[in-house]
A.B. asks: 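Questions regarding the structure given below will be posed in turn.
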Amino acid sequence: MAHTHTLGFPRIGARRELKFALESFWRDGMKADAEAPLRETGAALRRRHWQLQAEHGLAHVAAGDFAWYDQVLSTTALLGALPRRFGFDAARLTLAQSFELARGNAAQPAMEMTKWFDTNYHYLVPELDADSTFDGGPSWFFDEIGEALALGHKTRPVLIGPITYLWLAKSHVAGFDRLSLLPRVVAAYQRILAQLAARGIEWVQIDEPALCTDLDARWLDACDTAYQSLGGLGIKLLLATYFGTTAPHAARVAALPVHGFHLDLVRAPGQLDAWLRVLPAQAVLSAGIIDGRNIWRTDLPAALARLRPLHDALGDRLWLAPSCSLLHVPVSLETETRLDPELRSWLAFATEKLDELRVLATALTHGEAAVAAELMASDAARQSRQSSRRVVNASVRKRLAAITPQMATRQSPFDARNALQRASLKLPPLPTTTIGSFPQTPAIRQARAAHRRGELGALAYLERMRAEITHAVRRQEALGLDVLVHGEAERNDMVEFFGEQLCGYAFTENGWVQSYGSRCVKPPVIYGDVYRPEPMTVDTTRFAQSLTERPMKGMLTGPVTMLQWSFVRDDQPRAATARQLALAIRDEVCDLEAAGIRVIQIDEPALREGLPLRASEWPAYLEWAVEAFRLSASGVADRTQIHTHMCYAEFNDILPAIAAMDADVITIETSRSAMELLEGFGAFAYPNEIGPGVYDIHSPRVPEVSAIARLLERACEVIPPERLWVNPDCGLKTRGWPETEAALTNMVAATHQLRARLAA
Ligand code: GLN
Ligand code: ZN
């Protein structure tokens, strides 16, 4: 039977069992004697997922892909490379301590968290310096391998490779060269592999997704060095790359002394040709042919057509797999009972993807007749999706075809708009505002949940939300803020709220995907042409504006963020879907303007994370992403002020694209590295108005007036004060009211100080 496998499986559980076990352990104070239920939940999930893989005929089960919090943190523990500031003994690391690394404790802030390549999964960034040691940590990894072996599974351990591990790491010491640690890291991997060999392990999967990024010669040299030392240890290595192409250095990677290579043939099908030219005669090629990043059913006959010549050429050396770990898709369709049956028939979650592997392998080995029914079902799903009336909407297509460059351009350049906006809004210098959401109190959540369950009628719910809005407006007026917001009480999620009101979007019941630690997201599914059947925020915003003389800021989620945080169609380019979303939001922007709203914010926090892994592909992405934003924003008159907001990413390398979005005002999170970002915006001479966040909203600590004033003064040194706004870093929905009011009071006070100084 053709060899099938998966690079990893979601560990959170079909019913998010791991999440609930973790959160209860944390809530109860992480006492050592409370570990047992958590450990048992983890073990049960591993058992279940291995069993599932075995039942689907996978040649080995993936083990060691489990993590209590995050796979990079697990690797840090396995290597014993804990940040020293915590003072933990790596070899005796407890579960509770590992969670302190991830979440912080009374003495130490948490390890930094950031996005895993171009996914919405977040990992904990290894913290390394010249004194870092790699003498090994707790035995968790080996215990898990032992568990799988004891259950009788043919087991293939999964490790993050040394190059990717170092590439993901950071140092607090400026100028520190992570690669100087390579010999120590490689020695640690040698010890790990030797231990696995001693247990009789034949194959180890070693993940090097960093090879799909722009590695310079030093990193490629380091890769050679590392694998020269890891190749000959009596254990076979499957070098796994994913999320992009390795073609630029295929020959070099192929020459490494490993026994197999996994390629992502969904994201980067074109690399196959390069690889077939250089694949060593004995090496395994693992074809990542099933999309591990999306939820669509595979077109199995088409996949077979691609695989057959490979199978003929490579025989047993061809392995079949999902493109990457299945961590990025939900566990199973089985619990989706409310999805429309036609739409459901187009989908495959992790478990269904294992079944697709089984069908492909059977067809290759025993002929298509052996799986005729499955292949027919796959083809029927493809046909139904292609021709379904719910997918293609002629009027959306017509509108898309009629888009002109003028539609993505404001009527006048910024300076002319700015004069009109000043005259209309009459704001003081250094206007103060917030990013949109105010505290989502338990009462608000309960009202929303009751409304969803049908226990709170539409009218009662509307009244509750209006009361919240009134409350938020009154408090903002009392605080003396200049541009107000309605507070977003009615929104649980900035994408879901809009997706639910747009055609072309579907929502799953249990389509949870791990985002970080115990946190999961349920990305909506864009399955068809997107359009806005009716206004989405106009009533609410108009009501909010009716409560105050001050400008009320309309609050929308931008097209790129809507795209980025959804499962998107794979039957048209992302750019086309972005354009459809842009038109839908444009309609809303125009309707808000017509309702008398003079300031409209279109949030794009996810614009940066859509950047391709290779810089050569950045310009094409940025072009359509910026165009989509502009299309959404440019339907209004010059005097209407468009804001955008971005946060929690590096922005310095895309400043020209941010400027090209041509928002009248950008509010941007700066708590991560206030100065670096401001200097970036100063050096680039950002042309429009800008509100650098003046305090971190993730901390319950109330910022001091003097700290905010200092930050504002520094901002004034690089950005002309007449273009400066004052605002927090991001939305305030995770905070409570007392700290929010205290922080905003200080923010306004600091602003008054600076205004007085500027006037003097
Ligand atoms: N307007 C949103 C809010 O205030 C923005 C959230 C975000 O940037 N992620 O919550
Ligand atoms: Zn934000």
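Since this is a predicted model, take the numbers as computed values, not measurements. For reference, positions follow the sequence shown, starting with 1. These values consider heavy atoms only, across backbone and side chains, with no hydrogens, waters or symmetry-generated copies. Numbering of ligands and ligand atoms starts at 1, following listing order.
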A.B. asks: Please check: side-chain N/O of Thr670 versus main-chain N/O of Gly693, any donor-acceptor pairing under 3.5 Å?
C.D. replies: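 Yes.
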A.B. asks: Backbone, side chain, both or neither: what part of Met646 comes under 4.0 angstrom of ligand 1, heavy atoms only?
C.D. replies: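 Neither; nothing of Met646 gets under 4.0 Å from ligand 1.
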A.B. asks: Quick one: look up the protein heavy atom nearest atom 4 (O) of ligand 1 and list residue, atom name and how far away it is.
C.D. replies: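 The closest one turns out to be Ser437 N, 2.9 Å.
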A.B. asks: Does Trp624 have Arg574 sitting over its ring (NZ/CZ under 6.0 Å from centre, angle to axis within 45°)?
C.D. replies: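 Pair Arg574/Trp624 does not count as cation-pi.
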A.B. asks: According to ring-ring contact (aromatic ring centres under 6.0 Å, His included), does anything in residues 582-611 pair up with another residue at least two apart or in another chain? List the pairs.
C.D. replies: none
A.B. asks: Assess whether atom CZ of Arg16 is packed by more than 12 heavy atoms of other residues, nucleotides or ligands within 6.0 Å.
C.D. replies: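 It does: Arg16 CZ has more than 12 such atoms within range.
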A.B. asks: Could you identify the single nearest non-hydrogen protein atom to atom 9 (N) of ligand 1 and state the distance to 0.1 Å?
C.D. replies: Met494 SD, 3.5 Å
A.B. asks: As an exercise, identify every atom of ligand 1 less than 4.0 angstrom from a heavy atom of Gly731.
C.D. replies: 3 (C), 4 (O), 10 (O)
A.B. asks: What's the separation between atom CZ in Arg608 and atom CD in Glu650, rounded to the nearest 0.5 Å?
C.D. replies: 6.5 Å
A.B. asks: List in chain and number order the residues that pass ring-ring contact (aromatic ring centres under 6.0 Å, His included) with Phe651, two or more places apart in sequence or in another chain; answer none if no residue qualifies.
C.D. replies: none
A.B. asks: Enter the distance from Glu604:CD to Met562:CE here, rounded to the nearest 0.5 Å.
C.D. replies: 10.0 Å
A.B. asks: Could you list which atoms of ligand 1 come closer than 4.0 Å to a heavy atom of Met555?
C.D. replies: 1 (N)
A.B. asks: Which pairs pass ring-ring contact (aromatic ring centres under 6.0 Å, His included) with one or both residues in residues 468-505, sequence neighbours excluded?
C.D. replies: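 The answer is His471-Trp737.
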A.B. asks: For ligand 1, which atoms have a heavy atom of His645 less than 4.0 angstrom away?
C.D. replies: 8 (O)
A.B. asks: So what's near the Zn ion (ligand 2), protein N, O or S atoms under 2.8 Å?
C.D. replies: His645 NE2, Cys647 SG, Cys730 SG
A.B. asks: I need the atoms of ligand 1 closer than 4.0 Å to a non-hydrogen atom of Gly436, numbered in the order shown.
C.D. replies: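 Those atoms are 4 (O).
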A.B. asks: Can you confirm if the NZ or CZ of Arg293 lies within 45° of the ring axis of Phe243 and under 6.0 Å from the centre of its six-membered ring?
C.D. replies: yes
A.B. asks: At what distance is the nearest protein heavy atom to atom 5 (C) of ligand 1, and which residue and atom is it?
C.D. replies: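 In this structure, atom 5 (C) of ligand 1 has Asp603 OD2, 3.4 Å as its nearest protein heavy atom.
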A.B. asks: Which ligand 1 atoms are under 4.0 Å away from a heavy-atom of Cys647?
C.D. replies: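 Numbered from 1, ligand 1 contributes 8 (O).
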A.B. asks: If you take all heavy atoms of Leu481 and Leu744, which pair is closest and at what distance?
C.D. replies: CD1-CD1, 4.2 Å
A.B. asks: Considering the heavy atoms of Cys730, write down every atom of ligand 1 situated less than 4.0 Å from one of them.
C.D. replies: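 Counting from 1, the qualifying ligand atoms are 7 (C), 8 (O).
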A.B. asks: Could you check whether the rings of Phe99 and Trp26 sit parallel, tilted or perpendicular, using 30° and 60° as the cut-offs?
C.D. replies: perpendicular
A.B. asks: Of all the heavy atoms in Lys733, does at least one lie under 4.0 Å from an atom in ligand 1?
C.D. replies: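 So Lys733 does not count as touching ligand 1.
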